[in-house]
Amino acid sequence: MLLHTLAVALCCAAEIVWPLEQHSGAARPEEFALKSFAAPGQNVPALIDRQYRPEWDMNEQSWTLTGTFCTAANGGATQYLVGNRSQLSGYTGWNLLLRNGKLQLMVIRDKQTGKTLTSAARYDDRSEHRFELSYRPGQVRLRVDGSDILESAVPRTGVDERRLFAVGSLSENNKALLPFSGTLRDFRLTTGAPPAADAAKLDPELRANDSASRKEQQPWIDVLEACPGIVRGRGWGDAVEYRRFPERMAAKVRSEVWALSTHSAGLYLHFKLTGARPLGIRWTLTSNNYLPHMSPIGVNGLDVYTRVDGEWQWLTTGRPSRLEAVNVQEKLLYTPPDRTAEYMIYLPLYTGVRKLELLLPEGVMPEPVAPTGDPLVFYGTSITHGCSASRPGMTYPAILGRRLDLPVINLGFSGNGTMDPEFAKILAEIPASAYIIDCLPNMTKMPGDEVIRRARHLVTELRRRRPDTPIVLVEDRPYANSRYRREPRIQPHWESFRKFFDELRKEGFDRLYYVRGENLIGRDNEATVDGSHPTDLGMSRYADALEPVLKEALQRKQ
């Protein structure tokens, strides 16, 4: 196992981040499964900063330290999480320990002046816990899993250049003392002024879902067991769980594509309820993911629409908790008691769903809604996948599905929509109203002739296997800020892709359509989160560009 020495930035940096291990190909590369903190062939702990950092002491500098821990040891073992006390400094300074299963914060100035704070709760339950330790001059606060655990005045520790900041092991005589047994990850220390006020505390409307406080009053209904017919967005009858591919596809696609296919992007529940009144929902995630350019609702949450006077309208969202994999909203929506209402609930975009459960009045079950036609099948990149929609229902495939009143299959794979040869057969397995191919954003670094070779194979095979189904080719969008990056708005493969389309038409390919890229996100630079990935505005503009083309294709197909 490869151990990394402590990554130390300059003293003036406002934020320090420690990736505690790099697992090649692992889902969470920051995770460090700690067996020992001694590096191979050495007797010194692996994650110790050998340079004294006065701003990380408890004196005049404010700072906040966050991280996640999960202990594998039970009972009386004392384990060191983090701090700068060391044998060299006479054990003055501060540290955070697990002792007898409880968190203990020690702040020691000298033999006569110090303070020890111990949590009431135990954390040796082999579960993962997220902590936040904040220091303001003379005051500390410790939060665990979003709740305040300890808050107290503490003495300033003074200056001692022999203190060594360490993660996971105390240093004594150049040996690891009190090593942590379990998992540590995502350690981040931010120095400087206190963070802005926690708006979620001041405004109840902004609070995350608080699953732990819920009390169950009725049994939950497992959707896959009790009403699997309401699960939509899976293109294969042999698909299981809330994944986009059936198990047999694992051997047919690249490992990256298979891993991304476990995300529930594009999956949704479509059902009717009659006189049910409140409906609750509980969704269990395979992981609680974080993406810096997406909202938590888009990544981990739910999005609810209802049909009113024949039109789909947004209704509410399922807000995920900050840390937990299990999320509950007991009053997600209300169905009027005197009529039947139709709903769609879109599932998270950038994580998987392990389980979905509904809470309904006794004797009430959701009714499946018959599909209005064959699905629109989208194959593409992170933009198709859903980045960076704020809600799962705001991806451009979902928007088009509602506008055209058709089911949708979303086969967007972040960074991996590259017209792989096997996808011609994979897509053709799905009877579709239309196939929409939007892969160019992931193919800009490929040679032009390779792009055309892959595109020709995909289109030719799709047409051979599905001769009557429209195929829509979508160009790459321009980067919103390209002019300021001294780059042309024209993307590398626009010209060759247009020539390729013209060649296909001359060769007699019918029911073939093309969407140019210039106006996919508009020209005002307002429609992306990072110059590349569309916001909700950008997603709406994508849908605006594709809608007339799809309407024409579907009308001609009839």
On a heavy-atom basis, which atom in P375 and which in V408 lie closest, and how many Å separate them? CB-N, 4.2 Å
In Å and rounded to the nearest 0.5 Å, what is the CG to CD1 distance from L411 to I426? 8.5 Å
Step by step, would you call F423 with V257 a side chain to side chain contact (heavy atoms under 4.5 Å, CB included)? CA-CA 11 Å; F423 267 87; V257 172; 3.9 Å; yes
Before we go on, tell me: are the rings of H263 and F413 under 6.0 Å apart, centre to centre? no
Check: G412 main-chain N/O paired with R244 side-chain donor or acceptor under 3.5 Å: yes
Treating N300 as the side-chain partner and P320 as the backbone partner, does any N or O pair qualify as donor plus acceptor under 3.5 Å? no
How are the rings of W258 and F245 set relative to one another: parallel (under 30°), tilted (30 to 60°) or perpendicular (over 60°)? parallel
Is R122 reaching over with its side chain to a backbone N or O of N100, donor-acceptor style, under 3.5 angstrom? yes
Going by atom types alone, do Q79 and S181 pair a side-chain donor with an acceptor below 3.5 Å? no
Any side-chain heavy-atom pair from V167 and F180 closer than 4.5 angstrom? no
Consider only side-chain N and O atoms of T190 and T64, and report whether a donor and an acceptor are under 3.5 Å apart. no
Would S287 and N289 count as having a side-chain donor-acceptor pair, cut-off 3.5 Å? yes
Would R402 count as a cation-pi partner of Y305, with NZ or CZ less than 6.0 Å from the six-membered ring centre and within 45° of the ring normal? yes
Closest non-hydrogen contact found for P392 with A398 is O-CB, 4.1 Å
State plainly whether the residues D438 and R477 are in salt-bridge range, i.e. N to O under 4.0 Å. no
So which atom in S295 and which in S390 form the shortest heavy-atom distance, rounded to 0.1 Å? OG-O, 2.5 Å
Donor-acceptor side-chain pairing of N442 and T381 below 3.5 angstrom: no
How about L103 and H129: do any of their side-chain heavy atoms sit closer than 4.5 Å? no
Is any side-chain heavy atom of Y542 closer than 4.5 Å to a side-chain heavy atom of P397? no
Identify the two heavy atoms, one from S433 and one from P470, that lie closest to each other, and give their separation to 0.1 Å. O-CD, 3.2 Å
Derivation of the side chain to side chain contact (heavy atoms under 4.5 Å, CB included) call for H270 and E342: CA-CA 8 Å; H270 189 187; E342 185 177 353; 2.6 Å; yes
Quick one: does any side-chain atom of Y379 pair with a main-chain N or O of M419 as donor and acceptor, under 3.5 Å? yes
Test salt bridge (Lys or Arg N to Asp or Glu O under 4.0 Å) applied to D148 and R143, step by step: CA-CA 4 Å; D148 290 335; R143 307 187 80 220; 2.7 Å; yes
Give the C-alpha distance, both sets of side-chain angles, the deciding distance and a yes or no for side chain to side chain contact (heavy atoms under 4.5 Å, CB included) between T286 and T262. CA-CA 9 Å; T286 56; T262 64; over 6 Å; no
Least distance between heavy atoms, M394 atom then D536 atom: CB-OD1, 3.5 Å
Between R466 (side chain) and A428 (backbone), is there a donor-acceptor pair under 3.5 Å? yes
Nearest 0.5 Å, please: how far is OG in S540 from OH in Y396? 13.5 Å
Distance alone, cut at 3.5 Å: any donor-acceptor contact between the side chains of Y346 and S264? no
Gap separating the OG1 atom of T469 from the OH atom of Y435, nearest 0.5 angstrom: 5.0 Å
S119 and V144, any side-chain heavy atoms less than 4.5 Å apart: no
Quick check for you: to the nearest 0.5 Å, what is the distance between L269 atom CG and W283 atom CH2? 12.0 Å
Close side-chain approach of T284 and V353, heavy atoms under 4.5 Å: no
Can D405 and R307 be counted as an ion pair, charged N to O under 4.0 angstrom? yes
Over 60° means perpendicular and under 30° means parallel, so classify the ring planes of F187 and F131, tilted if in between. perpendicular
Could you tell me whether the side chains of S147 and D145 share a donor-acceptor contact shorter than 3.5 Å? no
Counting N and O atoms only, with roles assigned by atom type, does the side chain of R126 sit under 3.5 Å from a partner on the main chain of Y123, one being a donor and the other an acceptor? no
What I'd like to find out is whether the side chain of C387 reaches to under 4.5 Å of the side chain of H293, using heavy atoms alone. yes
Can L332 and I345 be said to form a side chain to side chain contact (heavy atoms under 4.5 Å, CB included), step by step? CA-CA 10 Å; L332 183 71; I345 302 179; 3.9 Å; yes
Could you measure the distance from the CG atom of L376 to the CG atom of N410? Nearest 0.5 Å is fine. 11.5 Å
Look at the side chain of N416 and the backbone N and O of S414, then say whether any donor-acceptor pair between them is shorter than 3.5 Å. yes
Taken to the nearest 0.5 Å, the spacing of E357 CD from D222 CG works out to 6.0 Å
Heavy-atom neighbours of E311 CD exceed 12 at 6.0 Å: no
Any side-chain heavy-atom pair from L400 and L546 closer than 4.5 angstrom? yes
Please indicate whether K551 has more than 12 foreign heavy atoms, meaning atoms of other residues, nucleotides or ligands, lying under 6.0 Å from its NZ. no
Smallest heavy-atom separation, G386 atom then L349 atom, equals O-CD1, 3.7 Å
E429/K425 ion pair, N-O < 4.0 Å: no
Are the side chain of D420 and the backbone N or O of E422 linked by a donor-acceptor pair below 3.5 Å? no
When you check the side-chain N and O atoms of R130 and T68, is any donor under 3.5 Å from an acceptor? yes
So, do V474 and L520 sit near enough that their side-chain heavy atoms are less than 4.5 Å apart? yes
